[in-house]
Amino acid sequence: MSEDYQQLHIIHTNDIHSRFEQMPRIASVIQYLKQSRPDESVITLDIGDHMDRMRVETEGSMGAANIAVLNASGYDAVVLGNNEGLTFPKKAISAVYSGQTQFAVLGTNLLDAESGTQVEWMVPSLVIEKGNLRIGIVGVTAFYENFYSLLGWTALEPFQAIRAEIHKLRTDEHVHLIIVMSHLGLRQDRMLAHEIEGIDLILGGHTHHLLEQPEKEDRTWLAATGSLGKYVGDITLGYHFSTGELTLVQGRCLSTEQFPIDEQVAQLIESYYVLGRDNLSQPVAHLEHRLSIDWYGESQLGNLLAAGIHRWTDAEIGLVNAGQLLSGLEAGPVTAGQLLSMCPSPINPCVTQLQGTHIRQALEESLIDEFYEYPIRGFGFRGQVLGVLCVSGIIIEYNPVGERFNKISNVQINGEPLDEERMYRVGMIDMFTFGIGYTSLSQGVDTHYYLPEFIRDILEVQLQRPDELLKCARSHWVASGL
């Protein structure tokens with residue numbers, strides 16, 4: 001190869017979401033690709049959401065299992081996804097990234113709110129030298145400004161942050177090419193390519209999009225590997241030093257199913273599973289009686305969670321969908337591991353001001369099978385179907401065989417008839433505010449989110465309250481007119 005020309009090989013993953021069963025194969029793909037290229041020409045990158053607190057390995061180690069696998073697999077840099085940045089308390093995520101990583105952690109648009117600067121374990125960008133090639137790498141995460149502020153972070157508008165970092169890399173660091181590790185989503189990536197000059201390659205994530213071969217937007221290449229560890233990306237770029245010309249030599253996504261398991265990584269994961277299981281085995285409550293859940297009707301456990309959200313948010317009523325709870329709880333000790341298994345979603349409580357007519361619409365929809373049987377994907381939901389609305393502070397009289405959207409004859413809010421014009425203080429879940437599920441519940445105003453607590457944390461508190469365990473057996477949905 002001439003001194004004027006050099007190739008760069010980039011291995012990339014995104015949105016693995018703690019699919020530990022895939023990680024030993026991912027490690028094999030990375031090893032295979034590295035063995036076929038010179039060491040001085042390969043960079044391995046992860047574009048965020050490697051962690052997901054639905055898994056025992058992650059939850060039971062507060063992310064240490066993921067860090068260990070990333071280290072063992074040979075990554076050079078990662079960017080924080082929203083699952084790392086928003087589902088872990090700031091102290092917990094700082095603890096796991098401080099001193100344990102053998103790779104760089106990038107977060108161009110994420111600052112410590114107190115100091116206004118980057119935390120010590122994160123950098124805005126990175127310059128890597130491979131042979132004679134200087135590569136500038138920028139990492140950016142999704143712009144959830146309000147949510148990050150509740151956890152002690154300041155999220156910067158990503159396009160402005162990227163522009164500033166590219167200018168620094170081009171003028172001060174004199175890099176030959178720039179890679180943006182973007183946990184922003186495909187739509188934002190395409191906008192980045194059109195609006196910001198100087199980006200050679202955008203490696204994407206967040207929206208779980210799969211680009212089997214890189215796409216070109218203006219002068220920028222875009223690539224992404226889907227989600228859940230099904231693919232590993234492999235890109236080869238060629239750079240001509242005399243002209244500054246960059247060419248795409250090869251771009252593809254390799255199916256991990258075609259590769260064997262890396263036994264060393266598999267054993268590492270097994271050790272963290274045992275650790276996580278043991279850490280989550282401590283009892284957090286004791287039940288005298290079984291608590292049931294029904295996705296398609298009223299149940300004790302659903303009522304208990306709705307009442308907990310009601311109390312936690314100091315609201316007039318509480319609402320949650322039954323699909324958040326995947327199983328009931330048997331009599332006897334209840335462990336943190338059981339709560340994780342039956343309520344795995346990283347869903348947060350919130351409180352909003354919602355008009356009575358929007359509450360009534362959601363209640364009517366909850367009586368229609370096309371709503372409560374609807375399968376939900378994403379937005380933190382880790383269940384199967386939406387499920388009926390579980391309520392607290394509300395009594396609903398309805399005719400099961402009545403006309404669609406007109407089954408309800410009477411709604412009582414804390415003993416008073418529902419006023420469809422009035423604004424009510426409603427405790428519910430963040431998912432509803434995104435227009436997911438019962439969409440009228442997204443019409444609230446003055447919404448306040450509670451982070452970092454999950455709804456399973458609220459459920460844990462409820463299970464320790466004997467008065468709440470008695471109340472959850474009371475009916476809120478009263479059938480009539482039969």
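The figures here come from the full heavy-atom set of this structure, side chains too, leaving out hydrogens, waters and symmetry mates.
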By salt bridge (charged side-chain N to carboxylate O under 4.0 Å, His left out), which residues pair with [X], not counting sequence neighbours?
X    : answer
R53  : E59
R465 : D467
E215 : R190
R290 : E330

What residue pairs, at least two apart or across chains, pass salt bridge (Lys or Arg N to Asp or Glu O under 4.0 Å) with a residue in [range]?
range            : value
residues 83-96   : K90-D112
residues 380-390 : D52-R382
residues 413-441 : E316-R422, R360-E420

Judged by modelled atom types alone, do [X] and [Y] share a side-chain donor-acceptor pair under 3.5 Å?
X    : Y    : result
T58  : Y272 : no
H206 : D15  : no
W121 : T101 : no
H12  : D46  : no

Return the minimal non-hydrogen interatomic distance between [X] and [Y], and the atom names on each side.
X    : Y    : value
W312 : P349 : CD1-CG, 4.3 Å
C253 : L210 : SG-CD1, 3.9 Å
M122 : L110 : SD-O, 3.9 Å

Quiz item: Rounded to the nearest 0.5 Å, what separation is found between the OG1 atom of T13 and the OH atom of Y231?
Solution: 15.0 Å
Quiz item: How long is the span from the OG1 atom in T44 to the CD1 atom in I30, to the nearest 0.5 Å?
Solution: 5.5 Å
Exercise. May I have all residue pairs that pass ring-ring contact (aromatic ring centres under 6.0 Å, His included) and include part of residues 458-480, sequence neighbours excluded?
Key: Y398-W477
Exercise. Hey, can you tell me if F371 and Y438 have their rings parallel, tilted or perpendicular (30° and 60° cut-offs)?
Key: parallel
A quick test of your reading: do over 12 heavy atoms of other residues, nucleotides or ligands sit less than 6.0 Å from [atom1] of [X]?
X    : atom1 : value
E453 : CD    : yes
F143 : CZ    : yes
E212 : CD    : no
H448 : NE2   : yes

Self-check item: Verdict with reasoning, H208 to H17, per side-chain contact (heavy atoms from CB on, under 4.5 Å)
Solution: CA-CA 11 Å; H208 296 192; H17 284 277; 3.1 Å; yes
Quiz item: Can you name the residues that form a side chain to side chain contact (heavy atoms under 4.5 Å, CB included) with V478, not counting sequence neighbours?
Solution: I395, E397
Exercise. Sequence neighbours left out, what passes side chain to side chain contact (heavy atoms under 4.5 Å, CB included) with A95? Give chain and number order.
Key: none
Atom pairs and distances, side-chain donor-acceptor, residues 150-162, under 3.5 Å, sequence neighbours left out:
from	atom 1	to	atom 2	distance (Å)
E157	OE1	F159	N	3.0
E157	OE1	Q160	N	2.7
E157	OE2	F159	N	3.3

Self-check item: Residues Y273, F20; criterion ring pair (Phe, Tyr, Trp, His ring centres under 6.0 Å); working and verdict
Solution: CA-CA 10 Å; Y273 174 78; F20 285 95; 9.5 Å; no
Exercise. Please report the C-alpha distance between Y75 and F103 in whole Å, then the side-chain angles of each, then the deciding distance to 0.1 Å, and finally whether the ring pair (Phe, Tyr, Trp, His ring centres under 6.0 Å) criterion is met.
Key: CA-CA 6 Å; Y75 282 82; F103 48 85; 7.3 Å; no
Self-check item: Side-chain heavy atoms of D369 within contact of Y296, under 4.5 Å
Solution: no
Self-check item: Under 3.5 Å donor-acceptor, T207 side chain and L186 backbone
Solution: yes
Quiz prompt | Criterion side-chain contact (heavy atoms from CB on, under 4.5 Å) on M342 and L459, from CA distance to verdict | solution = CA-CA 11 Å; M342 53 86 70; L459 190 59; 3.8 Å; yes
Quiz prompt | Partner of I16 by side chain to side chain contact (heavy atoms under 4.5 Å, CB included), out of N66, N83, I26 | solution = I26
Quiz item: Quick one: which of N14, V140, I47 gives a side chain to side chain contact (heavy atoms under 4.5 Å, CB included) with M181?
Solution: I47
Self-check item: Among T108, T141, D189, the one residue meeting side-chain hydrogen bond (donor to acceptor under 3.5 Å, both in side chains) with S182
Solution: D189
Quiz item: Does any pair with a residue in residues 402-414 pass side-chain hydrogen bond (donor to acceptor under 3.5 Å, both in side chains), and if so which ones, sequence neighbours excluded?
Solution: E370-R404, N410-Q412
